[in-house]
Amino acid sequence: MDKDLPTPESESGAIPAARVEGDEVDSHFAARVRSAVAWRWGTQVAAQIITWTSTFLVVRLLDPTDYGLFAMSQVVVTALAFLNGQSFATSIVQTDRLDNRRIGQVFGLLLTFAVLLAAVQLIAAPYAAQFFDEPVIADMLRLQALIFLTIPFIALPQEWLGRQLQFRKAGQVNMMSAVVGAVTALVLAWMGWGVWALVYSGISIFVSRAVGLMWAAKLWVRPIFNPSGAWDLFTFGGTLTLCQLFWMIQSQSDIVIAGRALSTYDLGLYSQALFLTLIVTARFIPPINEVALAAYSELNRAKKPLAHYFLKTARLVMMVSAPIYIGLTLTAENAILVLMGEKWVELIPIFQGLTIVMPAFALQLICSPVTNAMGRPKVHLFTNICGAILFPCVFLWGVSDGAMGLVYGWWIAAPVLCAITLAVTLPRIGVSLWSLAHALAPIALGCAVMAVLVLIAQSLVSIPSPLGALVFHAGFGAAAYAATFWFGYRAIVRETWGMIRNREATPAASAAI
């Protein structure tokens, strides 16, 4: 790294791992990773609490039709977003050669993409409105084109801070932008702005994040539009951009297909059910993946094997996400009634059907950072191509049964894609399927015990109040899950608690992610 680049210290105060040897390297590295996870994931949780609070207040002020219109506009925004250059900024995290010129070249590329995408969306707006047969979509998309102009000022400082494992400042900015977006949505919805409350809320989040991250990173470099000497960055970023293209096809195919086949009302029900279901995978796993990519990349540059770290990450993520989703499956009816009210009662079976398959989707999502850090983004590209073929096919098959038909598609596609991803990822990082199953077995047992006991409690104890039933069953299920670990896998509990407290509970925990 050139001496003219800023070199901020890690959030934990640890010296860079390259300056120490042996066990000291592992100790300092583990402390830095724990600090990064704590700040990135912790601030994400706080930001989501703010967003949830706003969402569940706003949803009572808006109608399903508003969310259906917003989902239609988001199809276009997301379809273009795969070219926003974020993947090229990610190359800053993975590369072992970095200086001001190379960062400036990435910045120049980001600015080029931003201007082009904003222009394309302005041109495409009326055609999208014609496709969905909703004239208001054109005006929404014209305004949302502003989002693309903020991306360079978000992506560059965010990835720079990520390379340094400095997630405290980025997390604080994310919390600030969540507050801005939540207040904007709530105020405008209260004033009767309808779907425009959602549009302006999204724009306010992006603008505030751009301002905050640029100020936090203080990465003041001039854009360079000459690509000479940075082709390795562009090749890596280009492969990840293709990954984003196929991910966009996978993730938006249900809305595109349903947008033509379902009513706006039914689409609004499905889109909100999917939004609620993906809160864990879309909001909490990406922060973990950001830290994991930075940590895996540093380990890979130090020529360390990644198998042990991947298993730790998989167990940590699934230990949190799996019981949440199984718990939501068991308490879906009361959860929706309490959080969203009676007018969303038709959303319950859709939401319940989606939650049951999400643990497989979560496991599949955490695989890409490890192979990307090894400089093998083509593995991620292959799995995304598979997803881009599989998901549209099952949605086309299921849409004739309405929103629940899309849920049936999820039941097929998510487990199959998870199996494909594990089959191509595990051999490359030296992890056997048995090792992964052994690491996740306690979680599967804990979820099974929780499900059985909650179902028994629901059949024996009748609580008329939805809030009372939700609190009782959720608390009972959490206690059952915790008791399974405490009495059956106490060593895992102690190790995890040691990680949280920044202490070494066991020798194996010292380098856990």
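Bear in mind that the values here come from a model prediction, so they are computed numbers and not experimental data. Side chains are part of it too, since the values below use all heavy atoms of this structure and drop only hydrogens, waters and symmetry mates.
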| Residues S321, M358; criterion side-chain contact (heavy atoms from CB on, under 4.5 Å); working and verdict | CA-CA 9 Å; S321 61; M358 283 299 140; over 6 Å; no

| request: Would you please test F485 and I443 for side-chain contact (heavy atoms from CB on, under 4.5 Å) and show each step? | output: CA-CA 8 Å; F485 271 88; I443 301 166; 3.9 Å; yes

| request: Could you walk me through whether Y325 and T277 pass side-chain hydrogen bond (donor to acceptor under 3.5 Å, both in side chains), step by step? | output: CA-CA 8 Å; Y325 277 125; T277 306; over 6 Å; no

| Criterion side-chain contact (heavy atoms from CB on, under 4.5 Å) on L365 and F361, from CA distance to verdict | CA-CA 6 Å; L365 288 178; F361 191 56; 3.9 Å; yes

| field | Pair S432-S435, side-chain hydrogen bond (donor to acceptor under 3.5 Å, both in side chains): steps then yes or no | value | CA-CA 5 Å; S432 67; S435 297; 2.8 Å; yes

| field | ring pair (Phe, Tyr, Trp, His ring centres under 6.0 Å) between W397 and Y408, intermediate numbers included | value | CA-CA 9 Å; W397 162 78; Y408 303 149; 7.1 Å; no

| request: Evaluate the criterion side-chain contact (heavy atoms from CB on, under 4.5 Å) for residue pair T264 and E134; output intermediate values, then yes/no. | output: CA-CA 10 Å; T264 305; E134 291 287 351; 3.7 Å; yes

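Using a 4.5 Å cut-off on side-chain heavy atoms (C-beta onward), F391 and I249 make no contact.
When every heavy atom of M140 is checked against every heavy atom of F70, the shortest pair comes out as CE-CA, 4.0 Å. Residues T421 and C367 come closest through the heavy atom pair CG2-CB, 3.6 Å. Taking every heavy atom of both residues into account, V449 and A480 meet most closely at CG1-O, 4.5 Å. Between S368 and H380, the closest heavy-atom pair is CB-ND1, 3.4 Å.
Between atom CG of residue L61 and atom CG of residue L186 there is a gap of 7.0 Å, rounded to the nearest 0.5 Å. Atom OG in S201 sits 10.5 Å away from atom CZ in F206 (nearest 0.5 Å). In this structure, OG1 on T65 lies 9.0 Å from CG on L269, to the nearest 0.5 angstrom. Note that OG of S73 and CG of L141 are 5.5 Å apart. Values are rounded to the nearest 0.5 Å. With rounding to the nearest 0.5 angstrom, the OG1 atom of T383 is 10.0 Å from the CH2 atom of W247. If you take CD on Q144 and CG on L80, they are separated by 11.0 Å, rounding to the nearest 0.5 Å.
With a 6.0 Å radius and a threshold of 12 heavy atoms from other residues, nucleotides or ligands, E333 has its CD atom at or below the threshold. Atom CD1 of I356 is surrounded by 12 or fewer heavy atoms from other residues, nucleotides or ligands within 6.0 Å.
Taking the six-membered ring for Trp and thresholds of 30 and 60 degrees, F472 and F476 have nearly parallel ring planes, at less than 30 degrees apart.
Between the side chain of W411 and the backbone N or O of G353 there is at least one donor-acceptor pair closer than 3.5 Å. Using a distance-only test at 3.5 Å, with no hydrogens or angles considered, no donor-acceptor pair links the side chain of H438 to the main chain of W434. Within the 3.5 Å criterion, the main-chain N or O of A373 finds a donor-acceptor partner in the side chain of N300.
Note on residues 62-90: pairs passing salt bridge (charged side-chain N to carboxylate O under 4.0 Å, His left out), not counting sequence neighbours, are D63-K343.
Side chains of T371 and T425: no donor on one and acceptor on the other come within 3.5 Å. Under 3.5 Å, the side chains of Y296 and N372 contain no donor-acceptor pair of N or O atoms.
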